[in-house]
Amino acid sequence: MDTPRHLDTAPPVAPSPQKNRLKMPDAYVLLFLVALVCAIATYIVPSGAFDRVTNDEITTTVPGSYHAVERSPVTFVGFFSAIAEGMANAGPIIFLILFTGGAIAVLEQTGAITGMVHSIVNKFRERQFLFILIVAAIFSILGTTGIVVNSVIGFIPLGIIVARALKWDAMLGAAVIYLGTYAGFNSTLLSPSPLGISQTIAELPLFSGIGLRTVIYICFVAATIVYLASYARRLKSDKGSLLGSDWFPSKALVSDNEDSENVVWTGKQKLIILVTALCLAGFLVGTFQLGWGDKEMAGTFILIAIIAGLIGGMGGNGIAKTFIGGCQKLVYGALICGMARCISIILDDGNILDTIVNGLANLLQGHGPIFVSVGMYLVSALLHFLISSGSGESVVLIPILAPLSDLLGVTRQVTVQAVMMGEGVVNCLNPTSGVLMAILAATGIPYTRWLKFMWPLALTWFLIGLASIIVGVLIKWGPF
C-alpha cells in the first residue's frame with residue numbers, strides 16, 4: 001500500500017501565476033544570509049569583551065569586566081574562512097550524520113530493518129498512541145539525562161522508516177524521536193551539560209532543585225506526547241499532512257523493499273538487530289560512564305555496519321560500497337551543521353557577542369524579581385539564536401546573571417532555570433541549530449513547514465517554562 005501522497009489521482013492542472021511567488025530560500029541560503037547579516041553587524045555594533053577565567057577546565061566570564069576592545073570587523077576573506085572553520089569545528093557531528101547514513105544503508109541491504117519495522121508495525125498499527133507514548137518517553141529519558149542530545153540525529157532514519165510503514169509523514173517520523181529527546185533535554189533533570197555546568201558556575205549543589213524540575217519535565221513530555229498524538233490523528237483525517245501531497249520530500253532514506261507485503265524476518269536478520277542494539281547500548285553506557293560523544297557514536301556506526309554486513313554475507317567490498325552510498329545520501333544534511341556553526345565564529349571574530357550580552361544584561365537592572373526572572377528567560381531565548389550551544393550560552397550568561405540576581409532578589413536556582421528554559425523553548429525552532437537543520441535537511445522537511453508544525457508546541461513549552469519561573473520566584477526556589 002503506497003503512502004498517502006499517491007492517493008491524489010486528479011488530472012494535472014496547468015500551473016497558475018501564483019506558482020511564481022517568492023519561495024522560502026534553501027536551508028543553506030538561509031544560513032548564509034544570517035551569517036552575512038552577522039558579518040555586516042561587526043562593522044556597526046561596537047566591539048567589546050569580558051575578561052575570562054578558567055577553573056576546572058570551564059572558562060567563564062568575569063562579572064563587571066566588560067570593556068571596549070579594538071574593532072575587528074570580519075573581512076571578505078574572513079567571512080568565507082569562517083564557513084570553512086565552521087565545517088571543521090562541526091566535524092564530529094558531520095561524520096556522525098554521514099556514518100549514520102552508511103550504517104542504515106548496510107542494515108537495509110541485509111533486510112534486517114525491513115523485517116524489524118514490519119514486526120513493529122504489526123504490533124502497533126492499531127495502537128499508535130501507545131507507540132508514540134513509549135518511544136517519546138524513552139527518548140525523553142535519554143535526553144533529560146544528557147545521554148542522547150546531538151546524537152539523536154543517528155536515530156532519525158529509523159523514525160522515517162517506521163513512519164512510512166505506519167502511514168505517517170516524515171514530519172511525525174522525525175518528531176517522535178527528535179521532540180521526544182528534546183522535550184527531555186529542554187527540561188533537563190540530570191544532564192552534566194548544560195545543567196551541571198550552569199549549577200557549578202552558579203555555585204549551586206549539583207542537580208539541586210530536582211523536585212520542581214521533575215514536575216516541569218513531566219509537563220514538557222506530556223505536552224509533547226499529546227501534541228504528537230493529535231498530529232497523528234490529523235494525518236488520518238481530511239486535513240492530511242502539513243507537508244502537502246509529498247509526505248516524504250527526501251528520497252535519501254527510502255528503502256527499495258519497505259513496501260513489500262510479504263516480509264520474512266529471518267533468524268540471521270534478528271541476530272543483526274540484536275548486535276546493533278547491543279552496540280547502541282554499549283554507546284549509551286560509554287556516554288554515561290566514560291563521557292563519550294559524537295565521535296564515539298560515529299565510530300559505533302562504523303562497527304555496526306561492519307558486523308551487520310559480515311553477518312548478512314555482504315563481504316568486504318559489498319559493505320564498503322553500500323556504506324559509502326549511504327553516506328552520499330546524507331551529505332546535504334551533514335554539511336548544514338558547519339554552516340550553522342560558522343555564525344557563532346563570525347560573532348566571536350568580530351568581538352560583538354559580548355557587547356550584545358552586556359547590553360541585554362543591563363536591561364534587567366532596576367526591576368522587581370518577577371520582571372527580572374522573566375527578563376532572564378527572554379534574554380536567554382533571544383541569545384540562543386546567536387549561541388546555539390547550551391553549554392556555550394551558560395558559560396557566557398550565568399557568571400553575569402548569577403551575581404546580578406543576588407542584588408535583585410532572585411535566587412540563583414531560578415536564574416539557572418531561566419537560562420535553561422530560555423534556550424530550551426527555542427531549541428527546536430532555531431535556524432542556527434546544527435542538529436535541527438541537519439534533521440530537516442536529511443528528511444527534506446522545509447524549514448517553513450517545520451515552523452508551522454512546531455510553533456503550537458513551542459508556545460506550550462514557553463508557557464510551561466514561564467509558569468515554572470514565576471512559581472520559582474514566589475517560592476524562593478533554592479537552596480539559594
Side-chain angles (χ1 to χ4, degrees), residues 1-8 23-24 26-28 30 97 100-101 104-105 107-108 113-114 116-118 120-121 124-125 128 131-132 135-136 139 152-183 224-225 227-237 239-259 326 329-334 336-337 428-429 431 433-458:
M1 181 176 178
D2 281 335
T3 56
R5 69 179 185 278
H6 299 305
L7 296 179
D8 186 2
K23 294 182 178 180
M24 178 67 183
D26 181 87
Y28 281 87
L30 175 64
I97 296 169
T100 297
I104 292 296
L107 289 169
E108 285 186 340
I113 284 185
T114 302
M116 180 190 70
V117 167
H118 278 77
I120 293 173
V121 168
F124 291 99
R125 193 183 300 277
Q128 294 190 13
F131 179 78
I132 292 172
V135 174
F139 276 93
V152 69
I153 297 169
F155 297 93
I156 297 300
L158 294 177
I160 297 300
I161 294 169
V162 171
R164 294 178 70 87
L166 287 174
K167 308 307 176 187
W168 294 347
D169 63 357
M171 194 89 78
L172 184 55
V176 167
I177 292 176
Y178 173 54
L179 295 183
T181 302
Y182 272 71
T224 303
I225 291 172
Y227 182 71
L228 294 176
S230 69
Y231 186 76
R233 289 194 296 272
R234 173 196 170 104
L235 294 177
K236 307 299 181 184
S237 70
K239 292 182 179 180
S241 169
L242 288 174
L243 294 173
S245 60
D246 190 358
W247 286 32
F248 293 89
S250 173
K251 304 304 179 280
L253 301 176
V254 175
S255 173
D256 294 332
N257 58 354
E258 66 183 21
D259 291 326
K329 290 182 178 181
L330 292 184
V331 168
Y332 182 92
I336 199 79
C337 297
C428 300
L429 294 171
S433 166
V435 174
L436 171 61
M437 299 308 287
I439 290 173
L440 298 186
T443 56
I445 300 172
Y447 179 67
T448 50
R449 298 293 179 90
W450 176 259
L451 284 182
K452 188 174 181 181
F453 168 79
M454 186 63 209
W455 78 261
L457 180 59

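For the numbers below, each heavy atom of this structure counts, side chains included, while hydrogens, waters and symmetry mates do not. What you see is a predicted model, and the numbers here were worked out from it, not measured in a lab.
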Quiz: residues 171-183 side-chain donor-acceptor pairs under 3.5 angstrom, not counting sequence neighbours:
residue : atom : partner : partner atom : Å
Thr181  : OG1  : Ile177  : O            : 2.8

Of all heavy-atom pairs between [X] and [Y], which one has the smallest distance, and what is that distance?
| X | Y | result |
| --- | --- | --- |
| Leu429 | Ala458 | CD1-CB, 3.5 Å |
| Lys167 | Lys236 | O-NZ, 3.9 Å |
| Leu242 | Arg449 | O-NH1, 2.9 Å |
| Ile161 | Glu108 | CD1-OE2, 3.3 Å |
| Pro431 | Leu30 | CB-CD2, 4.2 Å |
| Ile97 | Ala438 | CD1-CB, 3.5 Å |

Among residues at least two apart in sequence or on other chains, which ones pass side-chain contact (heavy atoms from CB on, under 4.5 Å) with [X]?
| X | value |
| --- | --- |
| Ala170 | Ile160, Leu243, Phe248, Pro249, Ile445 |
| Ala136 | Ile225 |
| Arg233 | Ala229, Ser230 |

Would you please indicate if the ring centroids of Tyr447 and Trp450 are separated by under 6.0 Å?
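Ring-ring flag for Tyr447/Trp450: false, centres at least 6.0 Å apart.
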
By side chain to side chain donor-acceptor pair (under 3.5 Å) - contacts of Tyr227 (at least two apart):
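Partners of Tyr227 by the side chain to side chain donor-acceptor pair (under 3.5 Å) criterion come out as none, since no residue qualifies.
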
For Phe131, what residues pass the ring-ring contact (aromatic ring centres under 6.0 Å, His included) criterion, not counting sequence neighbours?
Phe124, Trp168

